[in-house]
Amino acid sequence: MAATANWRCGDCDTFNAPEKRVCTICGSARPAAKRPAPARPVADWRCPKCDTNNVRDDRTCLVCGTPWKATKPAVKNPAGPSSGKSAAVSAKPGAKKPTPKKPAPKKTTPPPSPSSAAKAPRSTPTTATKRTSPTRTAHPRPRPESLFHPPPTAPSGYTPTAPRPAPTPRWSPPPARPKKSNGCAGCLIALVVGIVLLLAAQTIIKTIGSHSDASGGSDQNGGSTAASCPARIAEELPSGDGAELVRAYRTGNKQITLCRTAAGKLYYYGEFSDHREDGIAMAAERTKDGYKASNPPYRYEIHDGVVTIYESGRRIGQETVTPEPSPE
């Protein structure tokens with residue numbers, strides 16, 4: 001029986017037609033359908049609520065009426081089944097009688113042994129004796145007297161001898177000359193010139209790349225051009241007669257072709273490499289680092305060697321692109 005409803009991809013959340021076996025966006029396989037649950041028990045079953053054995057023909061418990069599909073068992077009665085339950089179970093031919101469970105024996109704490117009771121607890125000292133150290137008396141140091149003045153107990157009439165002045169040197173060394181710093185003014189000039197030349201080279205490369213997009217060559221994403229857009233792709237473009245090939249890329253299982261019509265309109269054409277489905281053509285535009293195409297709610301951007309796919313502004317996939325001369 002063929003499927004009649006759209007199915008949703010588990011990897012990129014894309015809705016696909018019923019006859020599709022793989023996702024049209026990411027190529028993931030369609031998940032298998034789940035089998036419905038059986039309508040009745042496949043064997044004898046035990047009630048999860050009252051622990052009553054029931055045969056496979058019973059869809060509800062004979063005692064409490066719980067359905068056989070119940071998944072949350074109730075707490076069992078520790079006192080065992082009631083007399084009404086036993087009567088109902090015995091009335092059913094072929095029903096098994098539940099076995100009452102014996103209560104677990106209570107644990108008793110053994111009395112303390114005489115030897116342990118006779119032991120007296122050790123006394124803990126409440127105060128500690130602090131060892132005191134003898135007090136030291138600080139004696140002031142004697143103040144040294146000046147080398148050129150007598151002590152206070154010197155006899156009167158003592159005159160100190162004046163110190164001799166320091167001798168004047170006959171030869172004095174010449175003042176040291178300041179060292180010349182090894183300045184790197186030449187290195188600084190060379191660095192500035194190198195930066196200027198680098199900026200000029202980048203400007204020239206960008207200018208050449210912008211001209212090569214219109215007259216053929218390669219862009220920063222590595223794509224190459226051909227003389228004309230393939231005929232089968234040009235037929236899918238609005239006014240595509242005489243369109244020229246701008247860029248061609250391929251991913252793991254897809255082909256991306258950018259063509260410009262005679263009216264100057266740029267189009268993005270995406271398809272599977274094995275042509276298992278029809279491709280999609282959408283308007284595109286050149287950006288500063290690649291290309292961008294839009295097919296609401298999806299958007300495709302090619303830059304830095306990858307193609308990124310967005311859905312309503314949210315990224316849903318990214319693949320590496322490899323440039324090639326032509327999709328043919």
Which heavy atom in [X] sits nearest to a heavy atom in [Y], and how many Å separate them?
X: G27; Y: V22; value: O-CB, 3.9 Å
X: G240; Y: T261; value: CA-CG2, 4.1 Å
X: T60; Y: N54; value: O-OD1, 4.1 Å
X: C61; Y: W45; value: N-CH2, 3.7 Å

R30 side-chain N/O to P18 backbone N/O, donor-acceptor pair under 3.5 Å: yes
Quick check: does any side chain N or O of N16 sit under 3.5 Å from a backbone N or O of R8, one acting as donor and the other as acceptor?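 No; zero donor-acceptor contacts below 3.5 Å.
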Ring center gap for Y298 and Y310 short of 6.0 angstrom: no
For the [atom1] atom of [X] and the [atom2] atom of [Y], what is their distance to the nearest 0.5 Å?
X: E244; Y: L266; atom1: CD; atom2: CG; result: 9.5 Å
X: F272; Y: D278; atom1: CZ; atom2: CG; result: 11.5 Å
X: T14; Y: W7; atom1: OG1; atom2: CH2; result: 9.0 Å

Working for salt bridge (charged side-chain N to carboxylate O under 4.0 Å, His left out), residues R232 and E271: CA-CA 12 Å; R232 63 179 182 82; E271 59 183 338; 2.9 Å; yes
When you check the side-chain N and O atoms of N253 and S273, is any donor under 3.5 Å from an acceptor?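 No.
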Looking only at the side chains, is there a donor atom on one of Q318 and T308 sitting less than 3.5 Å from an acceptor on the other?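 Their side chains do contain a donor-acceptor pair, which is all the 3.5 Å distance test asks for.
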Using only the SG atoms, decide whether C229 and C259 are less than 2.5 Å apart. yes
With a 4.5 Å limit on heavy-atom distance, are the side chains of [X] and [Y] in contact?
X: V307; Y: T251; result: yes
X: R286; Y: K292; result: no
X: Y268; Y: I302; result: yes

Sidechain N-carboxylate O distance under 4.0 Å for [X], [Y]:
X: E324; Y: R250; value: yes
X: K254; Y: E319; value: yes
X: E311; Y: R299; value: no

Check the surroundings of atom CZ in R315: do more than 12 heavy atoms from other residues, nucleotides or ligands lie under 6.0 Å from it? no
D241 CG: over 12 foreign heavy atoms closer than 6.0 Å: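 Check fails, neighbour count at 12 or below.
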L245 vs S326, test: side chain to side chain contact (heavy atoms under 4.5 Å, CB included). Steps then yes/no. CA-CA 8 Å; L245 179 65; S326 173; 4.3 Å; yes
Going only through I, L, V, M, F, W and Y residues with side-chain contacts under 4.5 Å, is there a path from I233 to I256?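 I233 and I256: separate clusters.
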